[in-house]
Amino acid sequence: MKKITLSSLFFLLVFGNLVAQQEKGITGYNNWLDTWTDFKPNNANYEEPTQIITGNISESTTLTKRNTYLLLGDVFVTECATLTIEAGTVILGDYKTKGSLTISKGSRILAEGNPTDPIIFTSNRADKKPGDWGGIFILGNAPINTFGKVASLNYGLNPSSTENISYGGDNTNDNSGMLSYVRIEFAGKKTKDFGNFSGLTLAGVGLKTEIDKVMVSYCQGNSFNILGGEVDLIKAVSYRSNKNDFNFNYGAQSNLNNSLAIRSPYISSPDGSRCLYVSSYDLKEDADSSKKETNVIARNMTLINVSDDLKSDISVGLVQEAIFIGPDVSFTMSKSVISGFKPAVIFDESIVINNENLSKIKFEYSYFNNCKGNIFLKNHTNNDDLESWYGSRAFDNVYSKGPDSETFIDSHDSRYPDFRLRINKIIASNDLFDDEEDD
């Protein structure tokens, strides 16, 4: 199948139909990123803590905007308590004790910010760095695909009871609360034996849990880590994660809608750093084949690698794939944009390329831009069959080359001026990175 690379045809496809253009990548008549996100979080200054949170929260508690809170060590919400956080509240993760927050199974978090008053979890250091503190864990009663109904977090947390770190069960509609208009910054504590914490871990979380407009930035681990359960993420933003932006495992059943991942080739873990990592297990022998395999449906995604010199960064090995697909998973991506990777997608080498597996892994109505290769099988030098399969008219994908600012961000579209200009600035301007250097 001949790749579609002619610029005249491309611009006809992109700009000739504004409705179709708006459907690919993140969408919105209004700029839903406006006011609550922060792409230079190290510039922000917060008041000194007025309240310290430590140990267990075993009774329903409300955190208020008038206070600034410090997470000291590992904090657990237990005994079916509800932690309510008012809009505009700032919670600082302690650097010395690597503070973290775990919402134990049966308990809930109600963190509902708003566009002008987001809830902020960030480092308590003046000069903030990725990995300054732990992160947030939300644990639920929804199914996972490991043997037995439950599992335990293995991040070296120190709970008063192992029940406080267990997750999984039978309730697909479990409700662990909500996060809305929330920022999580500089998380990702590094541990000696268990790797890095993630910014937000959703483990065995059920469908009635709401995750909407959450931004994770400068995380030393994964930004979003979904371990089993059935949970949807809407308008999620991952910015400059060291590891994966969205990590799915253990039979997760998830819709990932209208979300954004912006990567830098200069902040990538040697262990692997992708926009999406989709797997059903770490070891096949640990997975119960009678249970659901991981199934992720991603729509209206924008996955971008922002590089000073993409060709050079690819040649020296700084750029890798945007999406990794493991064996025994189902995955669909539609109406999305993937730009600046090598290649766009890699299938695990154990995946047999046949009708059965290809019917479970779908890419459709999407732009693959400025990628050195589009869809490959790992460790295979000839991927023409896969490229042709997903490049056929049946899937309506476009393989193209062009500047990000011109390819899918039409800042001259008068119907979406604020939204388009904002996205164009975020993606196309490298000056976002000037004052955010890492150790």
Side-chain angles (χ1 to χ4, degrees), residues 32 35-37 49-71 74-93 99-122 133-142 153 159 163-167 169 171-185 187 198-216 224-227 229-237 254-255 257:
W32 55 264
T35 67
W36 72 277
T37 58
T50 56
Q51 298 283 335
I52 293 176
I53 307 173
T54 189
N56 289 354
I57 300 173
S58 56
E59 296 180 354
S60 293
T61 301
T62 298
L63 307 185
T64 62
K65 177 182 176 181
R66 66 176 177 269
N67 290 309
T68 299
Y69 297 88
L70 181 69
L71 287 174
D74 297 327
V75 176
F76 299 88
V77 180
T78 64
E79 304 294 333
C80 297
T82 296
L83 178 65
T84 302
I85 306 177
E86 287 185 353
T89 303
V90 175
I91 301 99
L92 304 176
S100 68
L101 176 64
T102 299
I103 311 301
S104 297
K105 187 164 66 170
S107 297
R108 295 200 300 165
I109 182 170
L110 298 177
E112 187 174 6
N114 61 54
T116 57
D117 252 348
I119 293 166
I120 301 167
F121 291 84
T122 193
W133 62 288
I136 301 172
F137 298 88
I138 303 179
L139 314 182
N141 283 289
L153 294 173
E163 288 296 314
N164 297 341
I165 57 172
S166 71
Y167 64 94
N171 186 4
T172 58
N173 290 311
D174 192 37
N175 186 352
S176 296
M178 74 176 301
L179 299 180
S180 181
Y181 291 108
V182 173
R183 294 207 313 264
I184 303 168
E185 303 164 351
S198 297
L200 176 62
T201 296
L202 304 170
V205 168
L207 276 172
K208 289 191 176 179
T209 307
E210 298 181 30
I211 308 296
D212 180 18
K213 301 183 187 72
V214 176
M215 178 180 190
V216 180
F224 296 86
N225 192 24
I226 298 86
L227 306 177
E230 299 200 16
V231 62
D232 297 338
L233 285 75
I234 302 170
K235 296 179 180 176
V237 180
S254 294
N255 289 290
N257 292 336

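- The side-chain heavy atoms of V216 and F121, taken from C-beta on, include no pair separated by under 4.5 Å.
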Quiz item: Can you check side-chain contact (heavy atoms from CB on, under 4.5 Å) on T102 and D74, steps first, answer last?
Solution: CA-CA 8 Å; T102 299; D74 297 327; over 6 Å; no

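- Of the inter-residue distances, the one linking W32 atom CH2 with D212 atom CG reads 9.0 Å to the nearest 0.5 angstrom.
- In this structure, the side chains of L153 and Y167 come closer than 4.5 Å at one or more pairs of heavy atoms.
- With values rounded to the nearest 0.5 angstrom, R183 atom CZ is found 7.5 Å from M215 atom CE.
- Once rounded to the nearest 0.5 Å, the distance linking CG of L110 with OG1 of T62 reads 9.0 Å.
- Qualifying side-chain hydrogen bond (donor to acceptor under 3.5 Å, both in side chains) partners for T54, counting only residues two or more places apart in sequence or in other chains: none.
- Within a 6.0 Å radius of CD in E112, other residues, nucleotides and ligands contribute 12 heavy atoms or fewer.
- When all heavy atoms are compared, the tightest approach of L71 to V75 is CD2-CG2, 3.9 Å.
- S100 approaches G134 most closely through the heavy-atom pair CB-CA, 4.3 Å.
- Closest non-hydrogen pair, G113 versus I119, comes out as N-CD1, 3.6 Å.
- The distance from atom CG of L200 to atom CG of L233, rounded to the nearest 0.5 Å, is 7.5 Å.
- The distance from the CD1 atom of I138 to the CD1 atom of I109 is 5.5 Å, given to the nearest 0.5 Å.
- Residue G177 comes nearest to R108 through the heavy atom pair N-CD, 4.0 Å, listed as atom of the first residue, atom of the second, then distance.
- Side chain of D174 to main chain of G206: no donor-acceptor pair is present (N/O by atom type, distance under 3.5 Å, no hydrogens or angles).
- With hydrogens and angles ignored, the 3.5 Å screen pairs no side-chain donor or acceptor of S176 with any backbone N or O of T209.
- Nearest heavy atoms, L92 versus P49: CD1-CG, 3.9 Å.
- Atom CD1 of I211 is separated from atom CG of D232 by 10.0 Å, given to the nearest 0.5 angstrom.
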Exercise. Quick one: do I53 and L63 satisfy side-chain contact (heavy atoms from CB on, under 4.5 Å)? Show the steps, please.
Key: CA-CA 10 Å; I53 307 173; L63 307 185; 3.8 Å; yes

Practice problem: Evaluate side-chain contact (heavy atoms from CB on, under 4.5 Å) for I103 paired with L139, printing each intermediate quantity in order. | Solution: CA-CA 6 Å; I103 311 301; L139 314 182; over 6 Å; no

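- Within the structure, the salt bridge (charged side-chain N to carboxylate O under 4.0 Å, His left out) test picks out the following pairs touching residues 58-68 (sequence neighbours left out): K65-D117.
- Relative orientation of the Y181 and W36 rings is perpendicular, given thresholds of 30° and 60° on the angle between their planes.
- For the residue pair K105 and G140, the shortest heavy atom distance occurs at CD-O, 3.2 Å.
- A donor and an acceptor atom, one from each side chain of N67 and T50, are located under 3.5 Å apart.
- When side chains are defined from C-beta on, E185 counts as touching I120, because their heavy atoms get closer than 4.5 Å.
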Quiz item: Yes or no on side-chain contact (heavy atoms from CB on, under 4.5 Å) for I184 and W133, after CA distance, side-chain angles and deciding distance?
Solution: CA-CA 11 Å; I184 303 168; W133 62 288; 3.9 Å; yes

What side-chain donor-acceptor pairs closer than 3.5 Å can you find for residues 76-83, not counting sequence neighbours?
none

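- Although no hydrogens or angles enter the test, the distance criterion places a donor-acceptor pair under 3.5 Å between the side chain of Y69 and the main chain of T64.
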